[in-house]
Amino acid sequence: MTQEFFSQGDLVGVLTTQPLDRVLDYKAPEGGCRLGDYVEVPLGPRKVLGVVWGPGVGDYDRSKIRSVCRVLDAAPMRDEMRQFLGRVADYTLTPMPAMLRLATRAPGLGDAPSMRKVYRLGSNEPDRMTDARIRVLDVLRDYGGLSFTLGEVAEMAGVGTSVVKGMVKQGAVSEEDAPRDTPYPTLDPDHGGKNLTPDQAAGAETLRAAVRSGVYGATLLKGVTGSGKTEVYLEAVAECLRMGRQALVLLPEIALSGEFLDRVEARFGMRACEWHSGVTMTERRRAWKMVGQGAAQLVVGARSALFLPFRDLGLIVVDEEHDTSYKQEDGVLYNARDMAVLRAHINAAQVVLASATPSLESWANVEAGKYARLELTSRFGPAVMPDMRAIDMRVEELPGGRWVSPTLQRAVQTRLDKGEQALLFLNRRGYAPTTVCRACGHQIGCDHCDARMVEHRFLKRLMCHQCGETKPIPLACPSCKVEGKLAPIGPGVERLAEEVAILFPQARVSVLSSDLFGSARALKAAIKDIAEGGADIIIGTQLVAKGHNFPNLTLVGVIDADLGLQGSDLRAAERTFQLMRQVAGRAGRAEVPGQALLQTFQPEHPVIRATLAGDEEGFWRAEAEERKTAGVPPYGRMAGIVLSSPNVQEVFDLGTALARADGPLRRIGAQVFGPAPAPIARIRGRHRVRLLVKAEKGAPLQAALAEWVAQFKPPATLRLAIDIDPQSFY
Ligand code: ADP
Ligand code: ZN
C-alpha cells in the first residue's frame with residue numbers, strides 16, 4: 001500500500017511543472033505533507049509548483065536536499081486524477097510535467113487564500129442625505145444578507161464609487177474582508193424541468209438509469225438539431241446532482257456558452273461554474289479550487305475543463321462530439337472527446353456524446369458495441385428538418401466576381417418579403433482569399449509562412465491565417481512595382497456582404513466571422529441581437545454552423561458546397577457532410593418550415609447526394625467501407641510526425657534518418673510514409689516536414705513510436721511533435 005503521509009524531514013518525490021525527466025527529492029516541510037498535495041518547491045533560484053508524487057528516491061546527497069517551501073491551500077490530487085494524467089501522457093506521448101501544467105492552469109494557485117473587500121449596510125446614519133446616498137442605502141437594504149464589491153454596489157445604485165467610499169468613512173456602509181474563492185451556488189435538480197415528449201422522456205430515463213448505476217458507460221445521443229438533446233442530457237445532469245456527484249458539460253465553442261448558461265440557469269435555478277479562456281483569472285482560480293473541494297456541482301467548459309481536479313465526477317457530456325475543435329492542436333495534442341471517455345472510465349462515470357452528425361469514430365464504436373446509442377428522431381414541436389436542394393451552378397447565369405446565383409437570390413428575396421431571416425454560409429474569413437497583381441500575376445504571400453495573405457477590408461489589412469501576421473494592402477505590386485493593379489480573387493464573407501448589400505439594399509445584413517469581434521462578449525452580443533431579429537440576412541463562416549438558435553431563420557444558402565471536398569484529408573467527405581447538415585439545421589427551428597439550398601458545381605458528387613438525401617446511415621456505411629479498405633481511422637491507427645526548424649536542411653536530414661531507422665515500427669507491422677514537405681511548408685519562419693505512421697488497430701503504436709524517435713537526439717533548434725490520431729494534416 002502506498003504511503004499517504006510524510007512527516008517533517010521525510011524524503012518525498014515531487015513532480016514539478018518544469019520540463020525535467022524525473023521526479024525530484026525534497027524534504028517534507030514543517031507539519032508534514034500528504035501524497036498528492038500541491039506544493040511549492042525551490043528549484044535553483046526559483047520556486048515552482050509541484051505535486052507530492054510518492055516517497056523520495058534517495059539517490060542524492062541527503063545533506064543537499066532542500067525542503068518543500070509550503071503546502072498549498074488546495075485539495076490534494078486524487079488518485080484517479082493521477083491515473084488520468086498518466087494515461088493521457090502515455091497515449092499522447094507527453095511528458096508528465098506538461099500534463100501537470102495542463103492540470104494546474106489557474107493562476108495564483110500558490111497564493112494565500114486571498115481576500116477582497118465587501119460592503120454591507122453600516123450602523124450609522126450618513127451625516128447628510130443625498131439622492132445618491134439614499135440609492136446606496138436602498139440597494140444594501142434590499143439585499144440584506146448579501147455583500148457586494150465596491151464596483152457592484154456602485155453599479156447597482158447608479159453612483160460613483162467615491163459616494164460609497166464616503167459613506168464607509170462615516171460608518172453608514174461597512175467594509176469587511178471576505179474570502180475571494182467562494183463556493184458556487186447550489187443547483188436545484190428539480191427547479192425547471194420541461195415536460196418531455198415521449199421520445200425525449202424515454203431517452204432521459206435511460207440516461208438517468210445509467211447515471212444511477214454508478215459505473216462507467218458511454219452513450220451516443222444522436223438527434224437532429226432541435227430535437228431536444230440538450231433537454232435530455234440536462235436530465236442526466238440533474239440525476240447526477242441528485243446523487244451528490246459532479247457533472248461536466250463540454251462545449252466546442254465558448255461563444256455558445258452564453259445562451260447555454262442561461263438555459264442551465266433556467267433548468268437548475270442558479271448559474272453553473274464556467275471554464276474557458278474568456279473567464280477572468282480570479283474566476284479561474286476560484287473554479288479550480290471549488291471543483292476540487294466539490295463546491296462546484298456542474299462545470300460548463302471548453303476542452304481543458306477535462307483536466308480540472310473534480311472530487312467526484314459522475315457524468316461528462318461532450319456536446320457536438322464530432323466537432324474538430326475538441327482536438328487540441330498545439331502543446332499537448334489530445335482529443336478531448338476521446339480523453340473524456342477515458343476519464344469517465346477511470347472515474348466510474350457516465351459519458352454522453354451528443355451530436356446531430358456524429359463522428360465516424362463514435363458511429364463505429366456503437367457498431368462495435370462499445371457505446372450505447374440513443375436516438376431522438378424528430379424535432380421538438382412543429383419544426384421539421386429543412387427541405388434540402390442543390391443549385392446546379394453549371395447552369396446558373398452568374399457574372400464574374402459574383403457568388404449569389406439568381407436562384408438563391410430569388411429564394412432570399414421571398415424570405416425577406418415574409419419578414420423571415422436568411423443565412424448565407426461561406427467558410428472563408430476576410431474579403432478575398434487571394435490578392436493577385438493583374439500586371440505580373442504575383443500573389444501576395446506571407447513573409448514567414450508558405451501561405452497567401454488574405455485581404456481583410458474590415459481591418460484594411462492583409463492577414464496570414466497561419467501566423468496572424470498582418471500588413472497594409474500595398475498600392476504597388478511588391479514584385480513588379482506597378483501601381484493600382486492588385487486585385488482580389490475569390491470571395492470571403494466580407495466580399496459576399498458587399499454583394500448582398502447591392503442585391504438587397506433594404507436588408508439589414510450581419511456578418512458573423514470570428515475575426516470581426518474583439519471579444520467573446522462582443523460576439524455573444526451579436527448572436528443575441530440576431531436571434532432577437534436584429535438582422536434580415538446573416539452572412540457567416542463555420543461559426544454559425546454551431547448550435548446557435550435563430551428562431552426566425554428559415555433559409556440557409558450555402559455559397560460553395562464544394563469547398564470542403566477538395567481537401568486530401570481523409571475526413572474531407574465526413575466533414576463536408578457534417579458541416580452541410582449542421583448548417584442546414586439552422587433553418588426552420590420554430591413554426592415555419594425551413595429550406596436549405598446548396599450551390600454546387602458537382603451535384604452528382606456522392607457526398608452532395610448523401611447530404612441532400614439525408615441518408616445518414618447509408619453515408620456512414622459507405623464511408624466506413626472506404627476507410628476499412630484503406631486501413632485508416634477508425635479502422636486503423638495513425639500518427640503524424642511534424643518536424644520544424646528555421647533550418648530547412650535540418651528537418652529533411654532528420655526526416656530521412658527517421659524514415660530509414662524504422663525498425664521499431666516495422667516490428668509492430670507499422671509503416672512509415674515520408675518525409676514530405678508539409679502542405680504548409682513554412683509557418684512563422686519554420687520549415688515543416690511531415691511523416692505519417694500507419695498501423696493496425698490493435699498495434700502497440702505508442703511504445704514503438706517512443707522507441708523509434710528516442711534513437712535520435714534532434715538539435716535544439718528542431719521541434720519534433722508527435723500527433724496521435726491526427727485530425728489535421730496541414
Ligand atoms: P438540440 O440540443 O437537439 O439541438 P434543444 O434541446 O436545444 O435541441 O431543443 C431545441 C429547442 O426546443 C430548445 O429551445 C428547447 O428548449 C426546446 N425544447 C426541446 N424539447 C422541449 C420540451 N420537451 N419542452 C419544451 N421545449 C423543448
Ligand atoms: Zn504567416
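Atoms within a ligand are numbered from 1 in the order they appear, just like the ligands themselves.
The closest non-hydrogen atom to atom 9 (O) of ligand 1, taken over G223, G193, G228, A266, comes from G228.
Side-chain N/O atoms of Y233 and D319 include a donor and acceptor closer than 3.5 Å. A donor atom on one side chain and an acceptor atom on the other are not found under 3.5 Å apart for Y91 and N335. No side-chain donor-acceptor contact under 3.5 Å links T197 and D199.
The atoms of ligand 1 that sit less than 4.0 Å from any heavy atom of L196 are 23 (N). Atom numbering of ligand 1 starts at 1 in the shown order; those under 4.0 Å from a heavy atom of N195 are 22 (C), 23 (N), 24 (N). Proximity to K229 (heavy-atom distance under 4.0 Å) selects the following atoms of ligand 1: 1 (P), 2 (O), 3 (O), 4 (O), 6 (O), 8 (O).
With a 4.0 Å heavy-atom cut-off, ligand 1 is reached by the backbone of V224 but not by any atom from C-beta on.
More than 12 heavy-atom neighbours from other residues, nucleotides or ligands sit within 6.0 angstrom of CZ on R508.
Geometric assessment of R627 against the ring of Y635 yields a negative cation-pi assignment under the 6.0 Å and 45° thresholds.
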